[in-house]
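Comments concern the structure below.
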There are 2 protein chains.
Amino acid sequence: MTTEEIILQAASKIFILKGMEGSRMQEIADEAGINKALLHYYFRSKENLFDRVFMEIKNRLIPKVHLSIEKSDGIRAFVTMFISEYIDLIKEIPYLPQFFIHEINRDPSKIIKILQSGELPFTKMQSMIDADISAGKIKPIKIEHLMVNMVSMILFPIVARPIIESILFGNDPQQFSLFLDERKSVVTDFVLQAIEIKNI
Amino acid sequence: MTTEEIILQAASKIFILKGMEGSRMQEIADEAGINKALLHYYFRSKENLFDRVFMEIKNRLIPKVHLSIEKSDGIRAFVTMFISEYIDLIKEIPYLPQFFIHEINRDPSKIIKILQSGELPFTKMQSMIDADISAGKIKPIKIEHLMVNMVSMILFPIVARPIIESILFGNDPQQFSLFLDERKSVVTDFVLQAIEIKNI
DNA sequence: GTCTATATGCAGATAGAC
DNA sequence: GTCTATCTGCATATAGAC
C-alpha cells in the first residue's frame, strides 16, 4: 500500500466522521501514522485532499446503485431488491449519509460538478413502471416520487439517528439497531402496499 | 427590540445557514450591525451563543408539532394534517432541517440534554392507531415506523435538496419547487394507501 | 519521501477607553 | 453598553535539513 493510499484511507475516515470543516489535518496525519507536512507534499492543500476523498467515495458508490437497478426485471422485484441492498450498503458505511448530506449543502456546486459524469438509468425504471401501470397492476406514480420516497425512508433514519434514538428509544442503541433491522421488511411492505391497485 | 434579541436573531440566521463550525463571530456581528466584542459581552463565548440559539429554535418548534398531533381525532385525519402542516412549516424555514441534522450528529449529547424536557404525545397516537387496527380499518403497523416513514418522506427531500435537484431536475430550482408542492398530496395518498386494509 | 521547525493567517476572546 | 485595539491560540501551509 502506497503512502498516498494510506493518506486517502485515513482522510476518508476522518472526513466522513467529522466533515470537511470539523476535520483537522493533524488528526488525519495521526490516523495515517505520518507527518502533517507529508499531507501537503502529496495533496498540496486540505481542500485538494478533501476533493480527492469525495471523488473516490462517489466512484465506489455509484456502480453499486447502478447494479441494483439493472438486475431487477419488474417493479415489485425492483422495490424489494433496491430497499434490501440499500439498507445493507448503509450498514457497512453508517456515517456516509450524514457526511454526504452535510457536504452537498455546504458546497452544492462541488457536488454538481462531481455528479455531472454518471447518470442513473432512470429510463429503464420508468418503462418498468409504465408497463405495470398500463397493465393495471399498480397505481399511477411518478418515478421521481417513488424513488425519493424509498430513499427517504431508508436514509433519513440513519441521518437523524441521534434524534430518533433519543425521542423514540430513550437513547438505547440496541433498540435503535433492532428498529433498523425491522425496517427492511416494514418499508418494503409499506411501499408495495402503497403502489398496488386494490381489488374491490 | 433589545440588543440581545437582535444578536440572537442574527446568530440564528447565520448558524442555521452555516452551522456552528462554519459560522464566524465576525459574520454574526456584521449581520447584527454591531461589534464582535459585544457578542462576547452578552454571551461570553460562541458555544454559549450557539446553545442559546439552539434552545430558542427548539422552543419555537416543539409546540407546533404538539399542536398538529393534538388536533386530529383519527389516524386518517392525523396523517393528512400532519403531512400538510409539516410541509407548510418547512416552507417557512427551509434551512432548518439540514441545520438540525448536522448539529445533532456533531454533538448528540447536547441534543439529548435539550430534548429531555418535553416529550411528544405518542400515547395518544398509539391509541388512535390501535383502535383503527382492531376495528379492521388499517393494517397493523408500529407507530414508530409510521412516524419515521412520514417524517422521512417530508424532510429528506429538503435535506438532500442539492443532490435531488441535480440528479432529477438538472439543477432547476423551479422544477424542484413544483416537485415539493406535489408531494403534499402524493405523500398523503402514499401513506394512506400503505396502511389501509384492502377489501377483497 | 519524510521529517522538524517555522511562518502566516485567522478566529475567538479580552482589556480598556468612552 | 458599545466601541477600538490587542492578545492568544490554533490550523493550514511552507522552508529546509536529512
Side-chain angles (χ1 to χ4, degrees), chain A residues 1-57 95 98-99 102-103 105-107 109-111 113-114, chain B residues 1-57 95 98-99 102-103 105-107 109-111 113-114:
Chain A
M1 211 177 181
T2 68
T3 305
E4 184 171 328
E5 286 167 338
I6 291 170
I7 292 175
L8 279 172
Q9 192 172 314
S12 178
K13 178 176 171 184
I14 302 298
F15 278 140
I16 288 174
L17 276 173
K18 312 204 168 183
M20 159 75 174
E21 281 161 347
S23 299
R24 300 289 158 245
M25 293 295 263
Q26 184 61 60
E27 208 176 350
I28 293 171
D30 292 347
E31 177 71 30
I34 51 139
N35 192 276
K36 232 179 12 168
L38 213 52
L39 297 179
H40 288 93
Y41 174 78
Y42 276 95
F43 296 95
R44 224 181 67 242
S45 73
K46 184 185 181 182
E47 180 89 8
N48 241 295
L49 176 56
F50 179 81
D51 289 357
R52 269 293 298 277
V53 165
F54 201 98
M55 185 71 82
E56 304 262 320
I57 290 170
Y95 291 97
Q98 294 93 307
F99 167 77
H102 179 62
E103 295 302 332
N105 280 291
R106 196 179 60 84
D107 189 354
S109 61
K110 183 170 289 177
I111 304 303
K113 263 180 255 156
I114 289 178
Chain B
M1 211 175 179
T2 67
T3 305
E4 185 171 328
E5 286 167 338
I6 291 170
I7 291 174
L8 279 172
Q9 194 173 313
S12 179
K13 178 176 172 184
I14 303 297
F15 278 140
I16 288 174
L17 276 174
K18 312 204 168 183
M20 160 74 174
E21 281 161 346
S23 299
R24 302 286 159 245
M25 293 295 265
Q26 184 60 58
E27 207 176 352
I28 293 170
D30 292 347
E31 177 71 30
I34 53 141
N35 193 276
K36 228 179 16 165
L38 213 52
L39 297 179
H40 289 93
Y41 174 78
Y42 276 96
F43 296 95
R44 226 182 64 243
S45 72
K46 184 184 181 182
E47 180 89 8
N48 240 295
L49 176 56
F50 179 81
D51 288 357
R52 269 293 297 278
V53 166
F54 201 98
M55 184 73 81
E56 305 262 320
I57 290 171
Y95 290 97
Q98 293 94 306
F99 167 76
H102 179 62
E103 295 303 332
N105 280 290
R106 195 178 60 84
D107 189 354
S109 61
K110 183 169 289 175
I111 304 303
K113 262 179 255 157
I114 290 178

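The model shown is predicted, which means the values in this text are computed figures rather than measured ones. Per chain, numbering begins at 1; letters A, B, ... match sequence-line order.
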Problem set entry | Euclidean distance, atom CG of residue L39(B) to atom P of dG12(C) [Å, nearest integer] | 10 Å

Exercise. Is there a side-chain contact between K46(A) and M20(A), using heavy atoms and a 4.5 Å cut-off?
Worked result: yes

Problem set entry | All pairs passing side-chain hydrogen bond (donor to acceptor under 3.5 Å, both in side chains) where residues 10-33 of chain B contributes a residue, at least two apart | K13(B)-E31(B), K18(B)-E27(B), Q26(B)-D30(B)

Seminar exercise, completed: Nearest heavy-atom contact between A11(B) and V53(B) is CB-CG2, 3.8 Å

Exercise. Which whole-number value in Å describes the distance from F43(B) CZ to dG1(D) C1'?
Worked result: 14 Å

Seminar exercise, completed: Atom CD1 of I7(A) and atom C1' of dC3(C) are separated, to the nearest Å, by 13 Å

Problem set entry | Heavy-atom pair with the smallest gap, counting every atom of D107(B) and S109(B) | OD1-OG, 2.9 Å

For this session: Please check the phosphate of dG1(C) (OP1 and OP2 only) for any side-chain N or O of T3(A) closer than 4.0 Å.
Result: no

For this session: Determine the interplanar angle of the F99(A) and F54(A) rings, folded into 0 to 90°, and report it as parallel if under 30°, tilted if 30 to 60°, perpendicular if over 60°.
Result: tilted

Exercise. Rounded to whole angstroms, how far apart are CG on N48(B) and P on dG12(C)?
Worked result: 14 Å

For this session: Go along nucleotides 4-18 of chain D 5' to 3' and tag each nucleotide: B for a protein heavy atom under 4.0 Å from its base, S when only backbone or sugar atoms are that close, - otherwise.
Result: B------SBBBB---

Problem set entry | Pairwise side-chain contact, K110(A) with F50(A), heavy-atom cut-off 4.5 Å (strictly under) | yes

